[in-house]
Amino acid sequence: MKRSLLNRFLCPELSLFTVVRIAFIIICAWVFFSYICIPIRMVGASMEPGYADGGINFIWRPAYYFGSPERYDAVGVRFAGRRVMLLKRVVAFEGEVVEFRRGVLYVNGEELYEPYVEFPCDWELTPRIVKKGNVYVIGDNRDVDIERHVFGQTPLERLMGVPLL
Amino acid sequence: MKKKSAVSILILIIVVSAALYLFSQSETQKVKVRITGLAGQVSKASGEAIVKTALRLRGVGGFFGDPVLFEIDGYDLWGVYTPDEVRGLAGAASAQFRTFTLKFYDIEVEFPETEFALVSATAIVTGRMSSGEAFDEAKEVDIELIKAGGEWYITRISTIDVLEK
């Protein structure tokens, strides 16, 4: 009796071809989700309200294979490897001067338009220059003390990519 | 004759390479076990009995060489200590936490010299202070270990700033 296409797809006969095909799919999935599109679970509220605590997302690594980060890009910043990252937003580039005055972010002395920031703050940060080969990243949620919010400049090599969702 | 010699040399190279690879793997594994063992030793579960805490902390000093250098930002751990002093520090710190969990991710081990290992990893500390305040922090760490008497001992732990304000 001839089996339907769907039946053969869902329950293939165990043959060498099937085993090779399954192994190929597993290897492709492992490469894709380990090196190209890394699944992440967000912990913490540093990027709220745009990226909620506990949310699931993916870091798309090819975003910077042929290009550089742009201002306002949300980016994954790696620690020692791929398993733990910080999710932050790029606000300034090398040579630019960053400062906070009464909770407002200034880049090169001009107020930066930040529509993604919903919670006001009173941060004060003296002017500092972004070093060569670095970008300056900050979380969207400024509703905590400046000492408790993890932000600052980081080398471009640490940028893993952009969140897909 | 020449063909036999070539084959012999090739086999010898393969055997030596395999032996070196296996040796390196086993040492890498030993170092990783040492690092994760330390994490388990300092972690404190909720409602842990005093006797269990005392027993757990007694073993902490055994992970460290004499002396050990700490360069850990944010935790007032900066300087040279003996293993006994580290045990004392761990005891004092443990009393301040209701729960404390240390985990290492992305552990990469290198052997720049014989019986000297350099580890790069991401450390995540989570838990709750005695006051009830929760904490959750990630740090990139470099750890140096030396091998003595067949066992690996930590001689230096330093944190790396991923973001520099």
Side-chain angles (χ1 to χ4, degrees), chain A residues 34-35 38 40-46 53-54 75-92 94 98-100 105 123-139 142 144-160, chain B residues 28-29 31-36 38-39 43 71-76 99-112 117-129 131-145 154 156-165:
Chain A
S34 297
Y35 297 96
I38 303 168
I40 56 164
R41 184 173 65 84
M42 281 169 287
V43 178
S46 113
D53 182 15
V75 292
V77 182
R78 71 163 178 80
F79 283 86
R82 296 189 311 268
R83 291 192 62 187
V84 184
M85 286 179 239
L86 293 167
L87 191 61
K88 300 288 171 188
R89 197 174 294 277
V90 176
V91 295
E94 66 175 47
V98 178
E99 66 178 308
F100 271 99
L105 175 61
W123 292 2
E124 294 285 346
L125 187 74
T126 53
R128 57 212 56 210
I129 298 172
V130 182
K131 292 177 199 164
K132 193 169 189 288
N134 283 14
V135 289
Y136 208 93
V137 297
I138 309 180
R142 319 266 167 88
V144 289
D145 291 342
I146 192 166
E147 290 80 19
R148 293 187 61 193
H149 190 103
V150 180
F151 69 94
Q153 55 183 297
T154 192
L156 281 163
E157 305 91 76
R158 284 193 180 271
L159 302 189
M160 294 291 284
Chain B
T28 301
Q29 204 54 35
V31 170
K32 284 185 178 178
V33 166
R34 200 69 174 152
I35 300 293
T36 51
L38 172 67
S43 294
E71 295 170 328
I72 302 175
D73 271 337
Y75 289 87
D76 287 336
T99 60
F100 180 89
T101 306
L102 170 64
K103 282 186 179 171
F104 289 102
Y105 296 90
D106 294 317
I107 303 172
E108 289 293 327
V109 186
E110 288 176 38
F111 297 97
L118 190 57
V119 175
S120 167
T122 304
I124 294 190
V125 288
T126 53
R128 199 166 282 278
M129 305 288 290
S131 60
E133 188 187 354
F135 58 91
D136 183 341
E137 194 174 359
K139 294 263 184 196
E140 182 171 331
V141 291
D142 277 349
I143 303 171
E144 292 177 9
L145 301 95
I154 297 165
R156 180 170 176 253
I157 301 180
S158 55
T159 54
I160 293 166
D161 286 332
V162 173
L163 299 181
E164 186 191 326
K165 272 185 181 140

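Chain naming here is simple, since letters A, B, ... match the order of the sequence lines and numbering starts at 1 in each. In this text the structure is predicted, and so the values were computed from the model without any measurement.
- Across all their heavy atoms, Arg158(A) and Ile160(B) have their closest contact at NH2-CG2, 4.0 Å.
- The minimum heavy-atom distance linking Phe79(A) with Glu140(B) is given by the pair C-OE1, 3.1 Å.
- Side-chain atoms of Ser120(B) never come within 3.5 Å of backbone atoms of Ala80(A) as a donor-acceptor pair (strictly under, hydrogens ignored).
- The environment of CD in Glu94(A) is crowded: more than 12 heavy-atom neighbours from other residues, nucleotides or ligands sit within 6.0 Å.
- The part of Val77(A) that comes within reach of chain B is its side chain, from C-beta onward, which places non-hydrogen atoms under 4.5 angstrom from that chain.
- Residue Ile107(B) does not touch chain A at all, counting heavy-atom pairs closer than 4.5 Å.
- Remark: Met85(A) CE to Asp106(B) CG distance equals 9.0 Å, nearest 0.5 Å.
- Contacts of Ala121(B) with chain A are made by backbone atoms alone, with heavy-atom separations under 4.5 Å and no side-chain atom involved.
- Counting non-hydrogen atoms of neighbouring residues, nucleotides and ligands closer than 6.0 angstrom, the CD1 atom of Ile129(A) reaches no more than 12 such neighbours.
- Using a 4.5 Å cut-off between heavy atoms, Ile138(A) makes no contact with chain B at all.
- For Glu164(B), the parts lying near chain A are the backbone and the side chain together; criterion is any non-hydrogen pair under 4.5 Å.
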Inset, instruction - List the steps, then state whether side-chain contact (heavy atoms from CB on, under 4.5 Å) holds for Gln153(A) with Lys165(B). - result: CA-CA 6 Å; Gln153(A) 55 183 297; Lys165(B) 272 185 181 140; over 6 Å; no
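- Neither the backbone nor the side chain of Val98(A) comes within less than 4.5 Å of any heavy atom in chain B.
- Under the 3.5 Å distance criterion, the side-chain polar atoms of Thr154(A) are left unmatched by any main-chain donor or acceptor of Leu163(B).
- Other residues, nucleotides and ligands contribute only 12 or fewer heavy atoms inside 6.0 Å of the CD atom of Glu110(B).
- Using a 4.5 Å cut-off between heavy atoms, Arg128(A) touches chain B through its side chain atoms alone.
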